[in-house]
Amino acid sequence: MQSVDPSKVTLTQLFRMHSTGELSRNELELAILSLRSSADWLQWISRQLMFCGVVLILSGILYVLAFNWEVLGRFTKHGLMFCLFIGFGGYAAYAGSHTIKGKLGSLSAGVCAGAWLAVIGQVYQTGADAWQLFAGCIFLVGVWIPLFRFAPSLMLCWTLTNLTLVLYWWQVAVPGDIATVNVLYLLLGGINSLFLLFTERCLPGTPSWLEGAWLRLVLLLYSTIAFTVPTCRIFLEPALAEWDEWFLVVCWLSLLVIGYRYYAFRSLVMVTLLVTSLLVVLLPSVGRLLIINDSPLGYWAFAIVLLFSFGGSAYWLNWLHHTKLVRESAHV
C-alpha cells in the first residue's frame with residue numbers, strides 16, 4: 001500500500017483510492033482523521049448552531065412583533081427595532097469583521113434594519129409599494145457587505161434584488177404597459193448569468209470569502225429558473241409562442257450547453273441543476289403527447305419514459321462523477 005499525504009488530497013479522492021485497493025481500511029480511517037480533525041468538526045458544528053440560533057432569534061422577534069401588532073404602541077414598535085439594530089450592529093463592531101460572530105451580527109443588523117423599514121411603512125401608512133420596500137432592504141443589507149465580507153449577506157442582497165425586479169414588473173411595468181413578462185424573464189436570466197460569468201471568469205482571483213460554491217449555485221439556480229419557466233410553457237403550447245418567446249428558448253439552450261461544457265468535470269451539483277431543468281421542460285411535453293384522452297396505454301408509456309429519464313440521468317451523472325475522480329487522482 002502506498003503512503004498518502006492527506007493534506008494534498010480530498011475526501012472523495014481518499015474513498016476512490018480505498019475502492020481501488022490503494023488504501024486499506026485502517027489507512028483510510030487515519031487519512032480521514034488527519035484530513036478533518038475533531039477541532040475542525042467542532043468548529044463546523046459551532047458555526048451551524050450559531051447560524052441556526054440567529055435565524056431562530058430573528059424569526060421569534062419578528063413573530064412576536066407581528067402577533068402583538070395591535071396591542072403594541074407606535075414608540076414600542078420603533079424602540080424594539082431600534083434596540084435590535086443597535087444591539088446586533090454594536091455586537092458586530094465589537095466582535096470584528098474577521099470573526100464569524102461579527103459577520104452574523106452584521107447580517108442580523110441588516111435584516112433588522114430592513115424589518116424596521118417595513119415597520120415604518122406600516123405605522124405611518126406611507127403608501128410605498130412592496131418593490132420599494134425591498135429596494136430599501138437591498139441598500140440596508142448591502143452596506144454591510146464591503147465592511148464584513150460575508151457571503152450569505154451578498155446572497156441575501158442578490159435574492160432581494162431579484163425579488164424587487166419581480167415585484168416591480170407585476171406592480172408597475174405590466175399594469176402600466178411598460179414591458180411584458182417575457183422581458184422580465186430575459187432580464188432576470190441575463191443579469192444572473194452575467195453575474196455568474198463575472199464570478200467565474202472575470203474576477204482577478206476569487207476573494208477568500210467567496211471561495212464557497214453556494215453563491216455560484218444560487219446564481220445558476222436563478223438563471224435556470226428564469227429561462228426554464230417560459231421555455232416549459234412554450235414547449236407545452238408552441239403554436240401560441242411568438243418570436244420573443246422563442247428567443248428565450250434559445251437562451252435556455254445556450255445556458256444548458258455552456259453550463260455543461262464548463263461544469264461537466266468541475267461541479268456535479270451544477271450539472272445536476274442543469275439536468276433537472278432539462279427534465280422539467282421535456283417531460284411535461286412528452287407526457288402531453290403520450291397521454292391522449294386519458295388512455296391507460298399512454299400512462300404506461302409515460303411511466304416508462306419517466307423511469308428511463310431519471311435512470312439515464314442518474315447513470316450519466318454517476319459516469320461524470322467517476323470520470324472526475326479519475327482525473328483528480330491522476331493529478332495527485
Side-chain angles (χ1 to χ4, degrees), residues 12 155 158-159 162-163 166 181-182 184-197 199-200 213-327:
T12 55
M155 292 169 59
W158 191 252
T159 301
N162 283 265
L163 185 58
V166 173
V181 180
N182 292 331
L184 172 63
Y185 290 133
L186 183 61
L187 181 61
L188 289 175
I191 62 174
N192 284 283
S193 300
L194 290 176
F195 194 14
L196 177 61
L197 177 64
T199 57
E200 290 286 3
W214 284 106
L215 177 61
R216 293 171 175 81
L217 179 61
V218 170
L219 293 174
L220 183 61
L221 175 63
Y222 291 165
S223 302
T224 306
I225 292 176
F227 290 133
T228 301
V229 172
T231 302
C232 187
R233 179 172 56 86
I234 293 169
F235 270 61
L236 290 174
E237 298 178 346
L240 301 179
E242 299 182 359
W243 69 270
D244 57 339
E245 295 176 316
W246 285 109
F247 180 73
L248 292 173
V249 176
V250 174
C251 294
W252 173 73
L253 290 173
S254 302
L255 178 65
L256 293 187
V257 173
I258 297 174
Y260 175 76
R261 288 181 61 86
Y262 185 80
Y263 290 113
F265 300 105
R266 287 184 172 90
S267 175
L268 189 65
V269 177
M270 299 291 201
V271 178
T272 303
L273 183 59
L274 296 173
V275 172
T276 303
S277 173
L278 182 65
L279 294 178
V280 167
V281 170
L282 295 182
L283 288 180
S285 304
V286 174
R288 186 173 184 178
L289 293 175
L290 293 177
I291 303 174
I292 302 176
N293 298 326
D294 291 335
S295 172
L297 183 61
Y299 284 103
W300 278 103
F302 186 55
I304 295 175
V305 170
L306 289 177
L307 290 175
F308 275 97
S309 299
F310 290 112
S313 300
Y315 179 83
W316 180 26
L317 293 173
N318 186 56
W319 174 81
L320 283 177
H321 176 64
H322 284 289
T323 306
K324 178 174 179 289
L325 290 179
V326 171
R327 291 188 176 188

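All of these numbers come straight from a predicted model, not from anything done at the bench.
- Nearest heavy atom pair, residue C251 against residue L186, reads SG-CD1, 4.0 Å.
- Remark: side-chain polar atoms of T323 are paired, donor with acceptor, to backbone N or O of W319 under 3.5 angstrom.
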Residues T159, Y222; criterion side-chain hydrogen bond (donor to acceptor under 3.5 Å, both in side chains); working and verdict: CA-CA 9 Å; T159 301; Y222 291 165; 2.7 Å; yes

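- Without hydrogens or angle criteria, S285 side chain to V281 main chain gives a donor-acceptor distance under 3.5 Å.
- Remark: L317 CG to L268 CG distance equals 5.5 Å, nearest 0.5 Å.
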Working for ring pair (Phe, Tyr, Trp, His ring centres under 6.0 Å), residues F308 and W316: CA-CA 12 Å; F308 275 97; W316 180 26; over 10 Å; no

From CA spacing to verdict: side-chain contact (heavy atoms from CB on, under 4.5 Å), Y185, F227: CA-CA 6 Å; Y185 290 133; F227 290 133; 5.7 Å; no

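- Using modelled atom types, one side-chain atom of T199 and one backbone atom of L196 make a donor-acceptor pair closer than 3.5 Å.
- Counting heavy atoms from C-beta on, the side chains of V280 and T276 come closer than 4.5 Å.
- Minimum heavy-atom separation, L279 to P284: O-CD, 3.8 Å.
- The two atoms that bring L255 and S193 nearest to each other are CD1-OG, 4.2 Å, heavy atoms only.
- Judged by distance alone, with hydrogens and angles left aside, the side-chain atoms of N318 form no donor-acceptor pair with the main-chain N or O of A314 at under 3.5 Å.
- Using a 4.5 Å cut-off on side-chain heavy atoms (C-beta onward), N162 and V166 make no contact.
- Using cut-offs of 30° and 60° on the angle between ring planes, the pair F235 and W246 is tilted.
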Pair N182-F247, side-chain contact (heavy atoms from CB on, under 4.5 Å): steps then yes or no: CA-CA 10 Å; N182 292 331; F247 180 73; over 6 Å; no

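- Between I304 atom CD1 and W300 atom CH2 the span is 8.0 Å, to the nearest 0.5 Å.
- Scanning all heavy atoms of the two residues, the minimum distance from A226 to G189 falls at CB-N, 3.4 Å.
- With rounding to the nearest 0.5 angstrom, the CZ atom of R216 is 4.5 Å from the CD atom of E200.
- Rounded to the nearest 0.5 Å, atoms CD (E245) and CD (E237) are 9.5 Å apart.
- For the 3.5 Å distance criterion, the side chains of T224 and W252 fail to qualify, holding no donor opposite an acceptor.
- The closest donor-acceptor contact from the side chain of R266 to the backbone of Y262 lies under 3.5 Å.
- In this structure, the separation between CZ on F302 and CG on L297 is 14.0 Å, given to the nearest 0.5 Å.
- Distance check: L188 CG to N192 CG gives 6.5 Å after rounding to the nearest 0.5 Å.
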